[in-house]
Every structure is written in structure tokens, then in C-alpha cells.
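Index from 1, following the sequence. Side chains included, hydrogens not; waters and symmetry mates left out as well; all remaining heavy atoms used.
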Amino acid sequence: MVSEPSLKPLKLSQNPLVKRRRKPPKFRQFVLLLAGAIALPMLFYNVIFRRTEPLPPAVMAPLPPLVMEDGDPYIRALMRTISASESNVDQPYAVIYGGQYIDDFNRHPDRCVRIVAGPNLNNCSTAAGRYQFITTTWEEMAERYHPNPDGTWFWKSYSFEPKFQDKVVYAWLKDEEAWGVNISELLKQGKLDEVLYLLSGTWTSLGYGIETNSMSAYLPTIYQQLLEEELEKSM
């Protein structure tokens, strides 16, 4: 015989139609507070200190001047800063990804070298020259900005000589439509971090990209030193 159900009303906490708001466990609260206590000082360090670290004595040695002789000193200093993290060697205009060198500058070398570390492991890279242009980017930017292409109107060849590497990058960085901002004006306003962030999608070692390297933290200091050099030359 089935007994009759009790008519005793359920307590609010026992009512299945009422959702209880569960308090997070104290351990979870402790973990969140601990994570915040660790993260905030690290963020403060990265923003304020890490990007103004003093330079090791040897860092500036392999940063040769541009081959291009004229131009805005702020953009020139930025170009040299980009190469400090992308091609920090004695012969940056000739280096290809992986550390080998070319001696033929008639065109981009277009050598695909296997990537041995990082997020693109086992892919290959055609990056070459002072600004580590991959082949497709060089062809696109040379078509827009190369001052002296060879060939006819329907077929052109773009010299990869050092002066043309400089001139293509300089014209690209000066193009407000390409970036949506006036990079030179941002630099004059002291907004280097904003510029590096903007460019890190193209040059991924600038401190905000996917391939930050040992030079990335020093770039603001490097830029300031190079800017002093370029401003002095422009006087």
C-alpha cells in the first residue's frame, strides 16, 4: 500500500523550482585574489619597466645606418629599430631567414627555409633582407613603392638592392592610407608603443606580435638612441 504524500510544505531551499545562488568556494576566491595579486605587478612591470630596460653593451654594435641617405629622421630611426629585432646582424640587407646570406640583389631571393622553432614550426619562410620581407609582401609593396622598377608596363622586375629595400619600406611607413594613421606624427608625439603595436602585425618581433625575441624589450631604448643619431644627422 502506497502511503499518501505528505502535505508538509517544502522549505524554500528544498523547492526544486527555486534556483539557489551558490557561493563560490573560498578556495576559488583565494585563487582569484592570488592571481590578481601576481598579474597586476607583472602588468605594471611590463608597461613601465620592461620596455625601458638598459641596453647591454653589445646591442647597438651591429646596427648599421641606412643606405638611403635622406628622409624623415623619425621614420629612419623607426626603420633601424625594426631591423634591430628582425635582422640584427652586420649585413642585414643580405641576410635571409635562418642566417644565410645572399650576394645577388637583382630580385628578392625567394628561398623558402624551414622554420625550426616558434608558432610556425615546420612551415617555411622566404623572409629576406633588412626588413625580412617574405616574397609576396615584397612583390606587393615593391609594386606600390619601388622608385625604379625594370621592365615594361605589363612585366616589371624589382631590384632588391639595399637602397631599394630602404626606399620601399620608407614609402610604406609614410603612407597614411596604408596604416590609417600618420606614423611620423605619432612618433613626434612620443607614441612609440602605439606605433610598435600597430606594426607588430607585419613585423612580428616588435614586442606585441607572435615572435617576440630577446631584442623586443629593448626596442624603445634602441629607438631613442637611434632617433638622437638621426636628428643630429638631419641638422
Between Glu86 and Ser205: side-chain donor-acceptor atoms closer than 3.5 Å: yes
Are Ser85 and Leu219 close enough, and set up right, to give a side chain to side chain contact (heavy atoms under 4.5 Å, CB included), and what steps lead you there? CA-CA 8 Å; Ser85 63; Leu219 295 182; 4.0 Å; yes
Between the CD atom in Gln132 and the OG1 atom in Thr126, the distance rounded to the nearest 0.5 Å is 9.5 Å
Establish, from distance only, whether the side-chain atoms of Tyr145 and Asp175 form a donor-acceptor pair under 3.5 Å. yes
Any pair with a residue in residues 79-168 that passes disulfide (SG to SG under 2.5 Å), sequence neighbours left out, goes on the list, sorted by first then second residue, please. Cys112-Cys124
Which residues pass the salt bridge (Lys or Arg N to Asp or Glu O under 4.0 Å) test with Arg80, sequence neighbours left out? Glu229, Glu230
Distance col, row Asn182:CG vs Lys188:NZ, nearest 0.5 angstrom, shows 7.5 Å
Please list all pairs passing the disulfide (SG to SG under 2.5 Å) test where one or both residues lie in residues 162-219, with sequence neighbours left out. none
Do you know the tightest heavy-atom contact between Met79 and Leu66? CE-CD1, 3.9 Å
Is there any ring-ring contact (aromatic ring centres under 6.0 Å, His included) pair reaching into residues 186-207, and which pairs are they, with sequence neighbours excluded? Trp172-Trp203, Tyr197-Tyr208
Closest contact, heavy atoms only, Ala128 versus Pro109: CB-CG, 3.6 Å
Chi angles and distances behind the side chain to side chain contact (heavy atoms under 4.5 Å, CB included) call for Asp104, Ile102: CA-CA 6 Å; Asp104 180 2; Ile102 60 172; 5.7 Å; no
I'd like to check Leu173 versus Ile82 (side-chain heavy atoms, cut-off strictly below 4.5 Å). Are they in contact? yes
Side chains of Asp110 and Thr135 only: does a donor on one sit below 3.5 Å from an acceptor on the other? yes
Should Pro65 and Lys233 count as side-chain neighbours, where that means a heavy-atom distance under 4.5 Å? yes
What is the distance from atom CG of Leu226 to atom CG of Leu78, rounded to the nearest 0.5 Å? 10.0 Å
Can you tell which of Val181, Ile183, Thr81 makes a side-chain contact (heavy atoms from CB on, under 4.5 Å) with Val195? Ile183
For a quick test of reading the model, state the closest non-hydrogen atom pair linking Arg130 to Pro64 and the distance between them. NH2-O, 2.7 Å
Where the side chain of Arg111 meets the backbone of Ser125, is there a donor-acceptor pair that is under 3.5 Å apart? no
Run the side chain to side chain contact (heavy atoms under 4.5 Å, CB included) test on Thr221 and Gln225 for me, step by step, so that the C-alpha distance in whole Å, both residues' side-chain angles and the decisive distance to 0.1 Å come before the verdict. CA-CA 6 Å; Thr221 306; Gln225 293 192 23; 3.9 Å; yes
Trp138-Tyr158 aromatic ring centre distance below 6.0 Å: no
Looking at side-chain heavy atoms only, is the closest gap between Trp155 and Ser157 below 4.5 Å? yes
To the nearest 0.5 Å, what is the distance between CG (Leu192) and OH (Tyr74)? 12.0 Å
Would one find more than 12 heavy atoms of other residues, nucleotides or ligands at under 6.0 Å from atom NZ of Lys163? no
Looking at NE2 of His108 and OG of Ser159, how far apart are the two atoms once the value is rounded to the nearest 0.5 Å? 12.5 Å
Determine the minimum heavy-atom distance between Ala84 and Asn88, stating which atoms define it. O-CB, 3.1 Å
Walk me through whether Glu228 and Leu231 qualify under side chain to side chain contact (heavy atoms under 4.5 Å, CB included). CA-CA 5 Å; Glu228 290 178 10; Leu231 288 172; 5.9 Å; no
Do Tyr223 and Leu196 come within less than 4.5 Å of each other through their side chains, counting heavy atoms only? no
Once you round to the nearest 0.5 Å, how far does CG of Leu227 lie from CD of Glu232? 11.5 Å
Using a 4.5 Å cut-off on heavy atoms from C-beta on, say whether the side chain of Asp150 contacts that of Lys156. no
Contacts satisfying disulfide (SG to SG under 2.5 Å) that involve residues 145-225 (not counting sequence neighbours) are none
State, to 0.1 Å, how close Tyr170 and Gly71 come at their nearest heavy-atom pair, and which atoms those are. OH-CA, 3.4 Å
If you define the side chain from C-beta out and look only at heavy atoms, does anything of Met68 sit under 4.5 Å from Lys167? yes
Do side-chain atoms of Gln100 reach the backbone of Tyr97 as a donor and acceptor pair under 3.5 angstrom? no
Suppose the criterion is disulfide (SG to SG under 2.5 Å): which pairs have a residue in residues 193-235, not counting sequence neighbours? none
Give the minimum heavy-atom separation between Gln165 and Tyr93, together with the two atoms involved. NE2-O, 3.1 Å
Are His146 and Phe164 close enough that their ring centres sit under 6.0 Å apart? yes
Out of curiosity, does Phe133 fall in the hydrophobic cluster containing Phe105 (side-chain heavy atoms, cut-off under 4.5 Å, transitive links)? yes
Donor-acceptor contact present, side-chain Asp166 to main-chain Val67, <3.5 Å: yes
Do the side chains of Trp179 and Ile75 join up, straight or via other hydrophobic residues, at under 4.5 Å, putting them in one cluster? yes
